[in-house]
Amino acid sequence: MGGRERFGNRAAVIMAMAGSAIGLGNIWRFPFIVGQNGGAAFILIYILCCFLLSLPILFSESVIGRRTSRNTVGAMEALAPGTSWKWLGLLTVISPIIILSYYSVVGGWSVEYLYKSLTIQFHPDNVEAVTGMFGIFTASGFKVIACLLLFLGITAGIVFAGVKKGIERFSKITIPVLFVLIVVIAIYSMTLPGAGEGLKYLVHPDFSKLTPDAFAAALGQSFFSLSLGVGTMLTYSSYVRKDENLVVSGAGTAVSDLLFAILAGFAIMPAVFASGIAPSAGPGLVFETLPYIFAKMGTGGVVISAVVAILFFITILVAALTSSISMMEVGVAYLSEERGLSRAAATAGIFLFALAVGIMCALKGSVFDFLDKLCSNFLLTLGALLFSLFVGWKMEKEDVKDELTNGGTLHTNAKLFPIIYFLIKYVAPVSIAVIFISGLLG
Ligand code: TRP
């Protein structure tokens, strides 16, 4: 596949992968799940999950992607021709497009909320009206669809521009900026009066809340956050150069994602507690509670609260975009490489499909919830399990080693290989299967 694009260097690889990983999952899901499941105790489990289970899955996807330099379907065909593994390839083309559809609805909400913050609608004179704004906005089908269209349009524009000129360039510029923004917001949030309770919520370890459900929550969150199980990382890895160190770029990605999630927790929870509100999950937290807090903070200075609100919604929007482009790229790579479509046609096709499904999600909360549950509770875990089984049991051990050590030239990786391989072959699939099945039963 001569004409295929490749990411420029290691920084580009890590920025693109971290871009995919860092998204709405880090900002609105992680902080809440932490508090719900025992604060610091959960963070410990989450970190373990990240390195013992998620990272091996990331390595598995990386090995498949880079070894074949193909899209998910092409990769399965190259490594296991004529077998039913091609269904794994197809599954992992379809699931990211479904995720893209409902994810973009939320991306659209953040477009609207950036607009609201730019026009200073979260004003102290408005405090009571602010929480109601979300309901009013989402009830207006037209506005929600217009925002969805805009968000998907920007996503498609970046993807269409190409792997290097679009995805790489966008991620390289925005990811460092996102880190700066979230640190600034976290510092501000932690200096608010009453922020201490929020800190306690995050760092006070409550081991009694570490139920089996907490393990399932940690696993699901960690897969979603690292964009695993649906071929996103496989596809990005297929653009990684042969001389790049997959272990280093994978670990860099995982650490960036983890760090960002923790920073987001410190940006959001102290502010929530400072305002005396109980934290809620999902949309409520980011699109109702926080705007209310911004408006209330305005009594202490309208300018500063407006600036923080703007920075915050820029952060959400950009983080969502660096993720949505990664979901779209999976399908675009498949359609252009396996189905002979031009990049423009492939991008347009996925755009239209995601728009149609997205509109259904935007109009019907039940469709949104169903697709989210289907993907994040089921398809993602299934995909992750199958990827680890594929690399651990179907591929030749020597080939896996070859890919992770660049033909034996990376000596540290060669020393680490037995551990990594053990995690891929036994630890990851067994733990995922146990948690998955107990989740299905319970
Ligand atoms: N990881 C992103 C987030 O935390 C979302 C995401 C991007 C994703 N690509 C994915 C989730 C693929 C699951 C699968 O917001």
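Every number for a ligand or one of its atoms is a count from 1 in the order of the listing. Not measured: the values here are computed from a predicted model. Heavy-atom basis, side chains included; hydrogens, waters and symmetry copies ignored.
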J.: Please determine whether a side-chain nitrogen of the Lys or Arg among Glu5 and Arg343 lies less than 4.0 Å from a carboxylate oxygen of the Asp or Glu.
T.: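 No salt bridge links Glu5 with Arg343.
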J.: Do the rings of Phe273 and Tyr201 sit parallel, tilted or perpendicular, given the 30° and 60° boundaries?
T.: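 Taking Tyr201 first and then Phe273, their aromatic rings sit tilted (interplane angle of 30° to 60°).
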J.: Between Arg67 and Glu403, is there a salt bridge with N-O shorter than 4.0 Å?
T.: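 Salt bridge between Glu403 and Arg67, a charged N being under 4.0 Å from a carboxylate O: yes.
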J.: Give a yes/no on ligand 1: does Ala21 have at least one heavy atom closer than 4.0 angstrom to it?
T.: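 Yes; Ala21 lies near enough to ligand 1 that a heavy-atom distance drops under 4.0 Å.
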J.: Aromatic rings Phe368 and Tyr102: how do their planes relate, parallel, tilted or perpendicular, breaks at 30° and 60°?
T.: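 It falls in the tilted class, 30° to 60°.
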J.: Out of Phe223, Phe224, Tyr103, indicate the one that has the non-hydrogen atom closest to atom 15 (O) of ligand 1.
T.: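 The nearest heavy atom belongs to Tyr103.
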J.: List ligand 1 atoms under 4.0 Å from Leu380, heavy atoms only on the residue side.
T.: 13 (C), 14 (C)
J.: Check each atom of ligand 1 against the heavy atoms of Ser323 and keep those under 4.0 Å away; list them by number with element.
T.: 2 (C), 7 (C)
J.: Hey, does Ile99 come in under 3.5 Å of ligand 1, counting only N/O atoms on both sides?
T.: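 By distance alone, the answer is no.
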J.: Enumerate the atoms of ligand 1 whose separation from the nearest heavy atom of Val230 is less than 4.0 angstrom.
T.: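 By the 4.0 Å cutoff, the relevant atoms are 12 (C), 14 (C).
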J.: Decide, yes or no, whether a salt bridge links Arg70 with Glu337 under the criterion of side-chain N to carboxylate O below 4.0 Å.
T.: no
J.: Taking Tyr421 as the fixed residue, which of Leu404, Leu416, Val400 is the one that meets the side-chain contact (heavy atoms from CB on, under 4.5 Å) rule?
T.: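 Only match with Tyr421 under side-chain contact (heavy atoms from CB on, under 4.5 Å): Val400.
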J.: Check ligand 1 against Ser225 and write out every atom of the ligand that is under 4.0 Å from a heavy-atom position of the residue.
T.: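 By the 4.0 Å cutoff, the relevant atoms are 1 (N), 4 (O).
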J.: Distance under 4.0 Å to a non-hydrogen atom of Ser326: what atoms of ligand 1 satisfy this?
T.: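 In order of numbering, the contacting atoms are 7 (C), 9 (N).
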J.: Between Lys86 and Glu77, is there a salt bridge with N-O shorter than 4.0 Å?
T.: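 No, this pair does not count.
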J.: Under 3.5 Å, N or O to N or O, is Leu228 touching ligand 1 that way?
T.: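 N/O-N/O distance below 3.5 Å does not exist for this pair.
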J.: Please list the nearest protein heavy atom to atom 9 (N) of ligand 1 with its residue and the distance rounded to 0.1 Å.
T.: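 So the nearest neighbour among protein heavy atoms is Ser227 OG, 3.2 Å.
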